[in-house]
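Have a look at the structure below, then the notes.
Below, read A as the first sequence line, B as the second, and so on, with proteins coming before strands; counting in each chain starts at 1.
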Amino acid sequence: MELLKRLSASGRRLLLGVVVTAFAVVASACDTNVGPQDYLSPEGPVARKADGLWDLTFGIAVAIFVIVEALLVYTIIRFRRRPGREAAQFHGNTKLEVILTLIPTLILAGLAVPTVKAIADLSDKPEGALNVTVTAKQFWWQYEYPDAGVVTANEMHVPTGQPVYLTLEGADVIHSFWIPKLTGKQDVVPGRKNNMYFVADRPGTYWGQCTEFCGLSHANMRLRVIAQEPADFEQWLAEQQEPAAGTVSGAAAQGQEIFMGTCVNCHAIGGTEARGTTGPDLTHFASRETFAGSMFRNTPDNLKRWIDNPPGVKPGAQMPDYGLSAQEIDAVVAFLQTLK
Amino acid sequence: MATHPAAVSPQPAHEEHLTSTGLDNVKMAMWAFLGSECLFFGSFISTYLLYRNRTNGGPDPAHIYDIPFTSVSSFVLLMSSLTMVLALAAIQRGDERGMRTWLFATAFLGMTFIGGQIYEFTTFYEEGLKLTTSPFGSSFFVLTGFHGAHVSVGILMLLALVGMSLAGRLSQADARKVELVGLYWHFVDIVWIVIFTVIYLVPTE
Amino acid sequence: MASSELHAPREEEVRHEHPTPRKYVWIAIILAIITAAEVAIYYVRALEDFLVPFLIAFALIKFIMVALYFMHLKFDSKLFRRFFVTGIVLAFFVFTVVLLTFFLRPETPGVTG
Amino acid sequence: MATAALQQPRRSIFARPTATTGWYSWVTTVDHKKIGIMYGVTAFIFFLLGGLEALAIRAQLAVPNGEVLTAEVYNQFFTMHGVTMIFLVVMPMGVAFFNYFAPLMIGARDVAFPRLNALSYWIFLFGGIFIYSSFFLGGAPDGGWFGYAPLSTQAGQDAASGLADRGMDFYAVGLQFLGIASLAGAVNFIVTILNMRAPGMTLMRMPVFIWMTLVVSFLLLFAMPIIAVALFELMFDRLFGTRFFAASAGGDPILWQHLFWLFGHPEVYILILPAMGIVSEVLPTFSRKPIFGYAAVVFAGAAIGFMGWGVWAHHMFAAGLGPVANSAFALSTMFIAVPTGVKIFNWIGTMWGGSLRFTTSMMFSIGFIAMFIIGGLSGVTHAIVPHDAQQTDTYYVVAHFHYVLFGGALFGIMSGFYYWWPKIFGHRLSEKIGKWNFWLWFIGFNLTFGPMHIVGLQGMPRRIYTYPDGMGWNVWNMMETVGSFMIAVATLIFLFNVAVSRRKGREEAGADPWDARTLEWSIPSPPPEYNFAEVPVVTHRDEFWHRKYFVGPGKTVEPVFSGGAVDHSEHAEHDGGHHIHLPSPSYFPVVAAFGMLVSAYAVIFALPAVAIGILIMTLGFFGWVFEPGTAE
Ligand code: HEA
Ligand code: HEA
Ligand code: CUA
Ligand SMILES: [Cu+2]
């Protein structure tokens, strides 16, 4: 309190201005702090288009912010009460008011043009796209490559340079598909089909996650897009088209038996009688880096913990705990690891 | 602006005669409420319009509606507006008996309408259209059900008026009360005019 | 609500003569005829193409007649009419837009579209 | 009441209660001032609850992989935080101010329907208690404050679905409840403002705050029925198995979104306009100037109200409505910045050339302008659809709405507290403590919500109970948490101020401590029960100021020496309000509201028991209609 009192009146008001502007500066500087989901550093033309609009809008917003706040700060400093000064009694100034209405109108009209144009551009279906059907379920993603007959989960492989055209279908509740560096969000709505597309410029792993609140593990419904050179992508696709590796032996065989007894109800493994569709397709499970909504790295330990008690490690997970013994779990995991 | 009329009396004991607009408080409230109700029924009607073709394999509008039957009950409700307004005219003349008769007639027509609705609902249920059958079923029953609930509330108010009148508590000076109930009643009728046309008559594909 | 409207109160207070019961009955007869016409054209095959516009027009006429005469909007304060019309127009506007977003939705809504 | 006290009330079952002090008088009161205070106190208690939930949220998110809350509890907390702050704090706070000051500012003795007013309050209170009781009855709502179907309809059937069994039932029924209270209040205020004005108080002489109340009331009038329908459909889906939002049977979840936001966007203006009204009263008083461009401010308020009806789908840009719809809503959304800008500029114009006194109230109002600009501008950036597809459902949006809701609505409300406290309680709040309150609040606020812009742009989604390390979000989240606890301290300081100013200090305020401009300051503080011993006759906008001053030749302000200015203390003694007719207290509002509460529980737990609730309600209304007009 003493400190505040000692600050002169204008000093205090200045402080106000400083705090406020500081945030604008920090906000504009934040581009430099790039995280894996930072959408101010786009890696593809779709995200870049949005980003270009952002730069424009943000620039205008900062300009308006600085001008109006400066005017405010100037006003409160200049017209603070001082002995002998009387308030001027006026009721308005029509001309000024009209001008101050027109200026924002014009600015916004200016902003509207590129916005509408970008909306129109982005709504065209791209030529020569790779089709992928995305189905969102609590709390994981299924990707189907209809032209190749491949189904996988959580990690989407795409070729670089080629547009990827997604058809989004919801199964239970609304989810939203998002890969910040490649494209904005599109909701996945049960009973509807939505579409979106994106292009990845360079190979790499892009992070994303579900952004429509969908229940307990909404936070854990993450995803990865793995962009590969077209040749690598073709190779991956070809591998995925193969059925799962043939016969297994040892612990894995026991695991397979358990699997075919219980897990078949929900999971599919290509080339076997496992055709469940409730859970992710596990045909080439071992080739994935992450699992369960990209929540866990695909390591034996994580897998064991998962199978031991799915809802325990992932709240609300729609896969029950089957009460398998540690030995049985080891066996199942050994089996899963053969699914290259 | 000129001095306000209410300035004459410093103590507005019966403020309804001394309001700023000269309009009756309760009547203004009623009209505001009816404005609000437009959005209420608007929401249900548009829900219905969205869903009328979504039958989920159950009965569809074209086959389940019984137009002659509903036409008759619509007509009954329409005529209840006439009896309502005649009740008001009666009390404004000071004819309490006439008012009671017309009020009762209005309530009776209203009950006939509700009876028809109950019959309609039962028939639909028997024909396989239930609240849970399809979005069409849900939106149909809930829309017409809420309308029916409004009619029922109206009937209660009408009967209450009749009761008050019989107890000697509703004289010519209280005509306003009849007018208010009337406004509500006519509104409910108006809503049915829309429902009858848009829901029953306009064909679906 | 223009202020002038609200501030010419005394004139509003002057009760305009309400219609007579005779007039009410006439209106009811007209309403009944329109209703009959509505149902009739519903069954006339020849008019199929015009059915919807006709129905809407009829309903509108009925609606307006009840509001104007039975609810006395014709004789009552403009303010009341405004409350009511605002509600109707607003409802009509917003729900038309809502329904359009459903019925005019493109096959393949684009990335952000 | 005075009359009643003189005569021995005759006892009948419908006799009206007469107590004017003690708890009973609060339960049966129909005095708009008491009801206003009850609204304010109740809403503030809910603010503490909503704030505690926020603190828990912040504690959980302070560090990655936080372990303070489980996912279940987190989801309940953020949902209840949003529901509380919107429906149980900011809305009723607005109503509290309307209640207390609308009649005073238009020179009326009460609202048009005093008992309806009491009914609104009780329904609101019971509705709040009802929703909060869910914490003890199987879990609070946890589907987010906008309860998107089908997540919100899914519960009760599947434990793994992620929803507590009954939570969203409480949401659907509870909000319905609160909606009825709001609707009744809206009708009441519309009639009060249009019909109960003192002689000469034309519409264009009404204080801006009254205008904003009127606009808000109309918004409520037309918005509440829409959410009512949405909630009915949700409730029926959950309780009776209707198919409104069941995609598997052909229902469309997007319908819920339309209905919700058709209400929801007007709602956000319902939240902000009262604060804008408060600011429009505070600034002229402490600038010693009339408001700049009165007509424009009023018109802008009405324009915001109108335009607010054409923008709802900007909450659904990612839902897949199609490019045409998205473009149209982008445009309408952008242009709503124009009338809002008019207000901002006119407020600055009001201060321009003034002689500004930086009381705590004034500082909160200035803080409002400064912060609202930030929130408003981020709102406009949301309208850029292709980029909103990036922003939506991230903390960038959370930042936007806290800047407008906290930086806007709550700053305005705090300003109103400091401004009108002396009128309500007869003594000021300490200015010294007030400054601490303001600065801590201001800094804490920016520390909490400023970084949310950044973390949002870095891709942090909202409504996540946990996040992994290494996303670049850690620093900002820690800052936010620190900031939120600073706000908590500032809130405690406010409470301390209330306590201290009440006990000691007690700077007697007098009728007009701020040398203010509007009618409520022309009567004693706290105002007598009948408000105005003599109904004022209004000849000017800023009537009270014109009774005190006139603008002399050379544009100087001169005090009025005779006539106009009233000597307030005597004025009250003058006739002691003895033969002023006031509405008598009544217990039927609380009875009717209680009946509704019973039905609400019955709907969820024992459907047939609804009949009991309706019976109580009917008895309440029956008594309401038949009780005598006064206590005699
Ligand atoms: C008090 C409440 C309040 C207010 C006043 C506003 C005001 C505005 N809001 Fe906000 N909004 C919310 C509360 C509010 N909002 C909430 C709660 C949500 C989230 C709901 C949820 O998802 O949970 C939300 C979400 C939200 C979205 C959806 C974001 C998303 O989910 O993706 C959008 C999109 O367009 C939006 C836009 C706007 C705009 C354009 C304004 C405008 O009215 C702002 C206008 C003001 C200014 C622009 C500043 C002053 C003007 C000038 C200084 C003039 C010059 C300016 C220019 C030329 C630009 N808001
Ligand atoms: C007016 C509205 C309002 C207000 C004032 C606030 C205030 C605050 N909000 Fe609020 N918030 C919303 C409206 C509001 N919020 C809404 C609508 C949502 C969206 C919900 C949803 O997604 O569904 C939201 C969501 C939301 C989130 C996002 C949650 C998520 O998406 O996962 C966060 C996260 O930090 C947050 C934080 C805060 C904080 C720290 C405050 C602080 O400012 C709170 C400050 C108050 C206090 C700290 C209280 C002080 C209490 C004490 C001092 C204790 C004393 C106690 C006793 C004596 C009993 N809010
Ligand atoms: Cu799926 Cu959130
Ligand atoms: Cu909005």
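- Listed options Tyr42(C), Phe103(C), Phe80(C), Tyr24(C) were ranked by heavy-atom pairs under 4.5 angstrom with chain B; first place goes to Phe80(C).
- Residue Val98(C): no heavy atom, backbone or side chain, is found under 4.5 Å from chain B.
- To the nearest 0.5 Å, atoms OG1 (Thr21(B)) and NZ (Lys78(C)) are separated by 14.0 Å.
- Separating the CD atom in Glu38(C) from the OG1 atom in Thr197(B) is a distance of 4.0 Å, to the nearest 0.5 Å.
- In terms of the ring-ring contact (aromatic ring centres under 6.0 Å, His included) criterion, Phe92(C) has no residue partners (sequence neighbours excluded).
- When every heavy atom of Val52(C) is checked against every heavy atom of Pro203(B), the shortest pair comes out as CG2-CD, 4.1 Å.
- Most heavy-atom pairs under 4.5 Å with chain C, from the set Leu201(B), Leu78(B), Leu39(B), Leu88(B): that is Leu201(B).
- In this structure the side chain of Arg93(B) reaches within 4.5 angstrom of the side chain of Pro21(C), judged on heavy atoms.
- Of the two parts of Leu51(C), only the side chain, counted from C-beta on, holds a non-hydrogen atom closer than 4.5 Å to a non-hydrogen atom of chain B.
- The candidate with the highest count of non-hydrogen atom pairs below 4.5 Å against chain C, out of Ala90(B), Ser81(B), Ala89(B), Ser71(B), is Ser81(B).
- Contacts from residues 31-38 of chain B to chain C, taken as heavy-atom pairs separated by less than 4.5 Å, involve Trp31(B), Ala32(B), Leu34(B), Gly35(B), Cys38(B) in sequence order.
- Heavy-atom minimum distance, Met79(B) versus Ala32(C): CE-CB, 3.9 Å.
- The closest side-chain heavy-atom distance from Phe70(C) to Leu82(B) is below 4.5 Å.
- When heavy atoms are compared at a cutoff of 4.5 Å, Ala36(C) does not approach chain B at all.
- Within residues 180-196 of chain B, the residues having any heavy atom under 4.5 Å from a heavy atom of chain C are, by residue number, Leu183(B), His186(B), Phe187(B), Asp189(B), Ile190(B), Ile193(B), Val194(B), Phe196(B).
- Residue-level contacts of residues 104-113 of chain B with chain C do not occur; threshold 4.5 Å between heavy atoms.
- Residue contact with chain C, scored on non-hydrogen atoms closer than 4.5 Å, is absent for Ile45(B).
- Counting non-hydrogen atoms of other residues, nucleotides and ligands closer than 6.0 Å to CZ of Phe54(C) gives a total of 12 or fewer.
- Rounded to the nearest 0.5 Å, atoms OG (Ser77(C)) and NZ (Lys27(B)) are 8.5 Å apart.
- The part of Tyr43(C) that comes within reach of chain B is its side chain, from C-beta onward, which places non-hydrogen atoms under 4.5 angstrom from that chain.
- At a 4.5 Å heavy-atom cutoff, the contact between Ile88(C) and chain B is made by backbone and side-chain atoms alike.
- Heavy-atom distances place no part of Thr86(C) under 4.5 Å from chain B, backbone and side chain included.
- Heavy atoms closer than 4.5 Å to chain B are found nowhere in Ile41(C), neither backbone nor side chain.
- Between Leu86(B) atom CG and Arg22(C) atom CZ the span is 13.0 Å, to the nearest 0.5 Å.
- Among the candidates Val198(B), Leu50(B), Val202(B), the residue making the largest number of heavy-atom pairs closer than 4.5 Å to chain C is Leu50(B).
- Residues Ser46(B) and Phe95(C) come closest through the heavy atom pair OG-CD2, 3.1 Å.
- Within a 6.0 Å sphere centred on CZ of Phe75(B), heavy atoms belonging to other residues, nucleotides or ligands number 12 at most.
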